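No experiment lies behind these values; they were computed from the predicted model shown.
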Amino acid sequence: MAEKICVAVRLRPPVSQSQDTSSATFWRVEDNRISLHKLHGTPIPGISYAFDYVFDETCSNAKVYELLTKDVIHAAVDGFNGTAFAYGQTSSGKTFTMNGSPNDPGIIHRAVNDVFRKIQMISDREFLIRVSYMEIYNEEINDLFAVENQKLQIHESLERGIFVAGLREEIVNNAEQVIKLLESGEVNRHFGETNMNARSSRSHTIFRMVIESKGIDSRSSGDYSSSDAIRVSVLNLVDLAGSERIAKTGAGGVRLKEGKYINKSLMVLGNVINKLSNGAKQRAHIPYRDSKLTRILQTALGGNAKTSIICTLAPEEVHVEETKGTLLFASRAKRITNCAQVNEILTDAALLKRQQLEIEELRRKLQGSRSEVLEQEILKLRNDMLKYELEREKLEMELEEERKSHKEREQRIRDQQLKIENLSSLVSDGDRSSSQDSMKESPKDECNYRGEDFKTPCFKAAGNAFVAKRSNNSQLPDFSPLPDSFSNVADEDTWFKMNKGYIADLDLLQTTPARKVQSFPPQDITPDCSNDNYKEELQNLKRQLELAIKGKNELERKHEEEIQLNGRLMGEISELKQELDVNNNLLEASKERYGSLEREFQLLKEERDSLQKSVSESSQKLTFVTDQKENILKDLNSEVQRRKDLEAEIKQFSVAFASRQRSLASIHGEFKSKMEKLRAENPVPLHKSLQY
């Protein structure tokens, strides 16, 4: 529920009465309005402000607390966030208002006592209270309960909201314990002396109480909030340092530095108040993060909290400008709206109970409709969608694995093809060498290679002769090559002259691997032995050739099997893709059906809301009719009582009337007897008188 921030101003007594009487202007308090007047009582136009409360110099801290802060404190016990802080220039009475004196305690001490007093009056809930005390000194957060905790950082989370990390919290059980902690924290606070105040606060302080409460279980199984819902509220009681002018305070050195930080944070606070007072539509970026004070008080200034502000004023004429600034700040703060609500945290059990209650209530209100059928269909579709999603993910994983295995098989096939080609080249080389060996073994081609038989071939008659230049990159063979025919080989110079400079380059030719051939066997080896060696070598080459052919056939067979397996796998992959497409279509159809059911469910929900609204209106009407009935019954009872009283009065009147009638009858009888007697005594005169 939206509500305005409660703002009040308090005018402190003047420092000396002589200054007050000699001033040309003075501040006058009239009800809830404060205005500036001249010496003879004439108001100055345009300098008049109205607030929720305006306290004059005779007001005590008790009255300020009762009227301004008490409701905020009680709301904090009930689960609402609450904040109360004092704002004003230096030496205007902020610290006195918040902390007070032994004879007149301030808002903080009264709030602590009131919190524990109210807790003792609540018997159906149990409470846990934690307190902390911090100061913001030169834009650094210090822990007043633990001096070693300095320069703390501000963090934010969904669970805790905005909080100060590392701040010490004490669990307390009574007000006396809190007061002792406050006194120990005040010792660590920064104070200083200036020309305007002998004990000036040099830092902002925030006293925070975290109030947690939980309902005591009363064995009520239907009410979810009886024992499981936890309320957590935060109460901030803030004593701000006062804004100051260097010319008036005479600050220098450390005091000057402190004053700069104080004025900077208060200026940011004023900017935040100014932005918040413009309204939600005209509101721009709010600079909460420009100061640690506004960052900590972000929820209190424009969020989920009940907030009250007390602005203290100095009545002296020399402080008129500062007082006007404070009143302008208060006027802007008065326009801020907060939306405070109970901070309730539900455990899993409480959430389950609440949902069960809501489901039961909906079932009762929607009896006869298709809500149960829709719920079952929605649940079934959700399960089907989940199953399809799982199957689709499984198929995608299988497809990915098949792709990887397919790539691996293709790589193996390429390797096998390369091996087959190499073996084929080896086989062709073996066939060529075997043909050459067979030619050598024939008697027609056999010759003895001796030095005296070697002659330089005559190349002029050869028409199909060739010459080859050795490649620069080829290795030298162990023996000179054995030419097929000496008549077909010419020297390099002759070939160069005959072919006009053309030279064949072996680097550009695809040649088979070289073989070691001994053109001239050693002299100690006979030709018969050489032929045996050649035969044995030929047999080995034949065996190697047979083994290579067998390996080639085996590799070809495996290659064919791999191709067939690959074909089967491709068929399975295509089937899986088709099945995946079918499942995707089913999933899309299920999603559409789910969307339509969701829309129907939304319509039913709107119908439920309308029913709830109509039920609430009917209950309100019923309450109104019940009240009218009670009033009518009261009127009827009063009318019945009045009737009884009238009947009793009528009876009394009847009795009195009957007695009066009887007395009149007796009087009439007596009168009649006397008349008759008079007639009897004087008949004639009476007759004459009757004639007249």
Q: Find out whether Ile309 and Cys311 are in side-chain contact, i.e. whether some heavy atom of one side chain is under 4.5 Å from a heavy atom of the other.
A: yes
Q. Can you check whether Val178 reaches Phe207 side chain to side chain, under 4.5 Å on heavy atoms?
A. yes
**Q.** Heavy-atom check, side chain of Gln153 versus side chain of His155, under 4.5 Å
**A.** yes
**Q.** Check against side chain to side chain donor-acceptor pair (under 3.5 Å), Ser101 and Asn103
**A.** CA-CA 5 Å; Ser101 64; Asn103 297 328; 5.4 Å; no
(Q) Quick test of your reading: applying ring-ring contact (aromatic ring centres under 6.0 Å, His included), list the pairs with at least one residue in residues 93-121, sequence neighbours left out, ordered by first then second residue. (A) none
Q.
Under 4.0 Å between a side-chain nitrogen and a carboxylate oxygen: does that hold for Arg110 and Asp104?
A. yes
Q | Arg130 with Glu212: basic N within carboxylate O range, under 4.0 Å | A | yes
Q: Spell out, as yes or no, whether a donor-acceptor pair under 3.5 Å connects the side chain of Asn338 to the backbone of Lys306.
A: no
Q. What do the steps show when you test Cys6 against Phe51 for side chain to side chain contact (heavy atoms under 4.5 Å, CB included), and what is the final call?
A. CA-CA 8 Å; Cys6 186; Phe51 301 101; over 6 Å; no
Q | Student check: side-chain heavy atoms of Leu301 and Thr307 closer than 4.5 Å | A | no
Q) Between Val115 and Met209, is a side chain to side chain contact (heavy atoms under 4.5 Å, CB included) present by the stated rule, with each step listed? A) CA-CA 10 Å; Val115 165; Met209 299 182 68; 4.1 Å; yes
Q: Report the distance from atom CD1 of Ile262 to atom OG1 of Thr90, rounding to the nearest 0.5 Å.
A: 8.0 Å
Q) Run the side chain to side chain contact (heavy atoms under 4.5 Å, CB included) check on Tyr87 and Leu266 step by step: do they pass? A) CA-CA 9 Å; Tyr87 177 89; Leu266 293 177; 4.0 Å; yes
Q. Does Glu135 come within less than 4.0 Å of Arg202, counting only side-chain N to carboxylate O?
A. no
(Q) If I compare all heavy atoms of Ile273 with all of Ala333, which pair ends up nearest, and what's the gap? (A) CG2-N, 3.6 Å
Q: Please determine if Asp52 and Lys334 form a salt bridge, counting it only when a charged side-chain N lies under 4.0 Å from a carboxylate O.
A: yes
(Q) Counting only heavy atoms from other residues, nucleotides and ligands, does the tally under 6.0 Å from NZ of Lys118 exceed 12? (A) yes
**Q.** pair Arg125-Arg231: side-chain heavy atoms closer than 4.5 Å
**A.** yes
Q) Looking at Thr299 and Ala305, what are the two nearest heavy atoms and their distance? A) O-CB, 3.8 Å
Q.
Using every non-hydrogen atom in the two residues, find where Gly166 and Asn149 come nearest and quote the distance to one decimal.
A. O-ND2, 3.5 Å
Q: Answer yes or no: is there a donor N or O on one side and an acceptor on the other, between the side chain of Thr326 and the main chain of Glu322, under 3.5 Å?
A: yes
Q: Taking only Lys NZ, Arg NE, NH1 and NH2, and the carboxylate oxygens of Asp or Glu, determine whether Lys605 and Glu607 approach each other closer than 4.0 Å.
A: no
Q: Report the C-alpha distance between Leu240 and Leu293 in whole Å, list the side-chain angles of each, state the deciding distance to 0.1 Å, and finish with yes or no for side chain to side chain contact (heavy atoms under 4.5 Å, CB included).
A: CA-CA 9 Å; Leu240 299 178; Leu293 174 65; 3.7 Å; yes
Q | Interatomic distance, Ile296 atom CD1 to Ser291 atom OG [nearest 0.5 angstrom] | A | 8.5 Å
**Q.** Distance-only donor-acceptor check, side chains Tyr133 and Glu186, under 3.5 Å
**A.** yes
Q. Side chains of Leu67 and Phe55: closer than 4.5 Å at any heavy-atom pair?
A. yes
Q) When rounded to the nearest 0.5 angstrom, what is the spacing between OG1 in Thr58 and CG in Leu11? A) 10.0 Å
(Q) Looking at Arg295 and Glu156, is there a salt bridge between them, counting it only when a charged N and a carboxylate O are closer than 4.0 Å? (A) yes
Sequence neighbours left out, cut at 3.5 Å: what donor-acceptor pairs do the side chains of residues 75-85 make with other protein atoms?
unit_1: Asn81; atom_1: OD1; unit_2: Val234; atom_2: N; d: 3.0
unit_1: Asn81; atom_1: OD1; unit_2: Asn343; atom_2: ND2; d: 2.9
unit_1: Asn81; atom_1: ND2; unit_2: Asn304; atom_2: O; d: 3.1

Q) Do the side chain of Glu139 and the main chain of Ile136 share a donor and acceptor less than 3.5 angstrom apart? A) no
Q: Could you please spell out the steps behind the side chain to side chain donor-acceptor pair (under 3.5 Å) verdict for Arg33 and Ser48?
A: CA-CA 7 Å; Arg33 180 173 292 275; Ser48 180; 3.0 Å; yes
**Q.** Side-chain heavy atoms of Tyr137 within contact of Glu258, under 4.5 Å
**A.** yes
Q) Ala314 and Arg12: which non-hydrogen atoms are nearest, and at how many Å? A) CB-NH2, 3.5 Å
Q: Look up atom CD1 in Ile206 and atom CE in Met134, then write down how far apart they are to the nearest 0.5 Å.
A: 5.0 Å
Q.
To check you understand the geometry: which heavy-atom pair defines the closest contact between Asp239 and Thr95, and what is its length?
A. OD2-OG1, 3.0 Å
(Q) Under a 3.5 Å distance rule, please check whether Asp143 uses its side chain to pair with a backbone N or O of Arg168 as donor and acceptor. (A) yes
Q | Least distance between heavy atoms, Lys94 atom then Gly242 atom | A | NZ-CA, 3.3 Å
Q) So Asn61 and Arg10, side chain to side chain donor-acceptor pair (under 3.5 Å) or not? Walk me through it. A) CA-CA 10 Å; Asn61 287 334; Arg10 184 180 189 183; 2.6 Å; yes
Q) Quick one: NE2 on His190 to CG on Asn188, what's the gap to the nearest 0.5 Å? A) 9.0 Å
Q. Should the heavy atoms of other residues, nucleotides or ligands under 6.0 Å from CG of Asn631 be counted, would the total exceed 12?
A. yes
Q | Check: His204 main-chain N/O paired with Arg189 side-chain donor or acceptor under 3.5 Å | A | no
Q) Once you round to the nearest 0.5 Å, how far does CG of Leu269 lie from CG of Asn274? A) 11.0 Å
Q. Would you call Ile129 and Ile119 a side-chain contact if the rule is heavy atoms closer than 4.5 Å?
A. yes
Q: Evaluate the side chain to side chain donor-acceptor pair (under 3.5 Å) criterion for residues Ser92 and Thr312: first the C-alpha distance (whole Å), next the side-chain angles of each, then the deciding distance (0.1 Å), finally the verdict.
A: CA-CA 6 Å; Ser92 61; Thr312 57; 2.7 Å; yes
